[in-house]
Amino acid sequence: MSEILYVSTRGGSKTVTASEAILNGIAADGGLYVPVSFPEPGWDFNVLKDMDYRELAYTVIKEFLTDYTEEELRACINAAYDDKFDTPLVAPMVNAGTSWYLELYHGATAAFKDMALSLLPHLLVTAAKKNNVKEKIVILTATSGDTGKAALAGFADVEGTGIAVFYPKYGVSKIQERQMVTQAGKNVCVAGITGNFDDAQTGVKKIFTDPAMQEYVKSKGFRFSSANSINIGRLIPQVAYYVWAYCRLLKDGVIAPGEKIDFTVPTGNFGNILAGFYAKQLGLPVNRFICASNDNRVLTDFFDTGVYDKNRRFILTESPSMDILVSSNLERLIYHIAGKDAKKTAELMTGLQGKGVYAIDALMKEGLCDFYAGSANTAEMREAIRSSFEKYGYCMDTHTGVAAAVAAKYMKETKDEHVNVIVSTASPYKFTASVLRAITGDADENEDAFALADKLEKLIGVKQPATVTTARTSPVLHDTVCETDKMPEVVKSFIDRL
Ligand SMILES: *Cc1c(COP(=O)(O)O)cnc(C)c1O
């Protein structure tokens with residue numbers, strides 16, 4: 001097996017190993033790490049289909065992380081995909097009507113972010129050891145809800161790390177806040193800030209780049225790192241479940257060997273769907289990736305016209321993890337369809353930073369043929385949730401609802417008859433009020449979030465995930481609330497405690 005190395009999409013930094021790319025997170029020139037070339041595993045899916053999730057994850061991930069030994073990688077994977085997941089399948093496939101749902105929300109925090117954030121801490125600690133990094137790692141994260149809890153759960157009590165999460169005190173859902181402030185672990189810090197998500201994000205970036213702060217953490221034997229979705233250590237673990245989904249269909253006789261399938265992916269930062277595209281580059285038989293957006297349809301317009309234009313109104317929807325105008329992982333796709341032209345990619349990204357817009361040429365547009373994009377508004381999302389529950393008794397969350405609505409439109413419009421796998425990214429219990437409203441037509445905004453969870457449980461007959469019941473009954477362990485400019489002090493006193 002040949003070694004896979006990584007380069008920046010913008011061409012301005014040196015080639016690094018997988019473990020170095022994971023340690024660095026973002027390349028020094030501001031670009032994202034991409035593999036110099038894709039592995040060519042030559043998979044026999046008839047063999048892969050009999051593997052359990054861990055074995056399959058190892059088989060897929062080892063293709064990319066070639067400087068990790070088998071022992072190291074297996075240890076990381078075994079620690080990640082254990083009984084934190086509420087089913088030994090890890091990512092079950094469920095059939096409802098003409099669609100299959102790949103449920104990625106059975107991990108510790110009931111959101112798909114767990115698939116990667118359960119593994120990243122172990123990859124990171126192993127990378128530090130391999131590269132003789134003596135400092136311990138402190139993760140700083142700003143969150144608008146899902147990422148914070150998934151990162152906390154992933155890093156809690158992982159030797160050699162600490163994690164501090166900042167969230168907008170008045171900008172996350174009640175259940176999301178309770179999930180975070182009840183987080184146990186001797187290496188965790190959670191603080192609300194009085195500003196919004198952008199303030200939290202800016203505050204974190206300032207701490208990262210402040211020389212005095214860097215000096216301070218270094219003197220204490222630490223270094224900063226980040227767990228956000230541009231780290232290839234978050235992207236690569238996601239490739240595995242696309243292969244897994246294909247193998248489930250093959251094993252159940254739904255598809256014949258070699259038959260191509262479609263995936264519909266509710267998309268925000270473009271990390272999830274890009275992992276699918278990577279799986280296809282390694283030989284997974286995929287016809288199309290259907291990129292689903294909500295009313296923030298910047299990606300839909302991009303795939304339709306070849307023009308990416310973020311100059312538009314930001315719309316708050318009931319699928320908040322897809323409320324995004326700059327999809328950072330799209331940069332990787334741009335690089336690949338530009339024929340690995342880093343100069344071209346850097347130019348386009350400069351355009352995005354400056355004017356907020358760029359246009360790709362006709363040749364690059366041809367490279368988008370693996371994709372179809374569509375959007376669904378709130379009414380369409382609700383209808384998708386309601387009709388699936390009424391016809392098949394299957395309940396999905398609002399993000400998955402957007403994907404199901406777009407998949408239905410796609411099939412109607414194109415008459416595409418490939419098996420369609422809808423990638424399901426969150427438990428309906430994370431968005432109880434919205435899901436109840438979709439199914440029953442009303443839900444009292446002012447009613448206690450946990451009471452609404454009980455109502456939903458009665459209605460759909462699916463047990464609430466442990467993270468929701470635990471958040472309800474566990475003691476609050478973190479009550480720090482600060483102004484944005486006090487964030488460095490919070491981090492300092494956290495490091496003193498570590
Ligand atoms: C993060 C998230 C998404 C978007 O995934 P990307 O990889 O950012 O495209 C969709 N749904 C849910 C529930 C999420 O948490």
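If you read the sequence from its start, that first residue is 1, and numbering goes on from there. All values below were derived from every heavy atom in this structure, side-chain atoms included, with hydrogens, water molecules and symmetry-related copies excluded. Counting convention: from 1, in listed order, for ligands and their atoms alike. If you're wondering where the values come from, they're calculated on a predicted model, not measured in any experiment.
Using a 4.0 Å cut-off between heavy atoms, Lys113 contacts ligand 1 through its side chain alone, with no backbone atom that close. When non-hydrogen atoms are compared, ligand 1 lies under 4.0 Å from the backbone of Pro266 (N, CA, C, O) but not from its side chain. Here Asp146 has side-chain heavy atoms under 4.0 Å from ligand 1, and that is the only part of it that gets that close.
Backbone and side-chain nitrogen or oxygen atoms of Phe112 are examined, and none is located within less than 3.5 angstrom of a nitrogen or oxygen of ligand 1. Considering backbone and side-chain N/O atoms, Asn272 comes within less than 3.5 Å of an N/O atom of ligand 1. Every N/O-N/O distance between Met322 and ligand 1 stays at or above 3.5 Å. Between Gly271 and ligand 1, at least one N/O pair is under 3.5 Å apart.
Regarding atom 13 (C) of ligand 1, its nearest protein heavy-atom neighbour is Thr425 OG1, 3.4 Å. With respect to atom 6 (P) of ligand 1, the closest heavy atom belonging to the protein is Asn269 N, 3.5 Å.
Near Ala426, the atoms of ligand 1 lying under 4.0 angstrom from a non-hydrogen atom of the residue are 13 (C). Shown in contact with Phe270 at under 4.0 Å from a heavy atom are these atoms of ligand 1, numbered in order with element: 6 (P), 8 (O), 9 (O). Atoms of ligand 1 lying under 4.0 Å from any heavy atom of Thr267, numbered from 1 in the order shown and given with element: 9 (O).
No more than 12 heavy atoms of other residues, nucleotides or ligands sit less than 6.0 Å from atom NZ of Lys455. Atom NZ of Lys174 has more than 12 neighbouring heavy atoms from other residues, nucleotides or ligands inside a 6.0 Å radius.
Taking CZ of Phe85 as the start and OH of Tyr105 as the end, the distance is 13.5 Å to the nearest 0.5 Å. The distance from atom OG1 of Thr440 to atom CZ of Arg437, rounded to the nearest 0.5 Å, is 9.0 Å.
Salt-bridge annotation for Lys463 and Asp86: absent, with no side-chain N of the basic residue lying under 4.0 Å from a carboxylate O of the acidic one. The pair Arg312-Asp301 meets the salt-bridge criterion, with a side-chain N (NZ, NE, NH1 or NH2) lying under 4.0 Å from an Asp/Glu carboxylate O.
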(request) Run the numbers on Asp146 and Lys430 for salt bridge (charged side-chain N to carboxylate O under 4.0 Å, His left out), then give the verdict. (result) CA-CA 9 Å; Asp146 280 352; Lys430 291 203 86 166; 2.9 Å; yes
(request) Applying side-chain hydrogen bond (donor to acceptor under 3.5 Å, both in side chains), run through Gln183 and Lys149 and close with a yes or a no. (result) CA-CA 8 Å; Gln183 176 67 48; Lys149 178 63 182 183; 2.7 Å; yes
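Between Phe38 and His336, a ring centre-to-centre spacing shorter than 6.0 Å is recorded.
Across the listed options Ser424, Ala116, Gly268, Gly268 owns the non-hydrogen atom lying nearest to atom 9 (O) of ligand 1.
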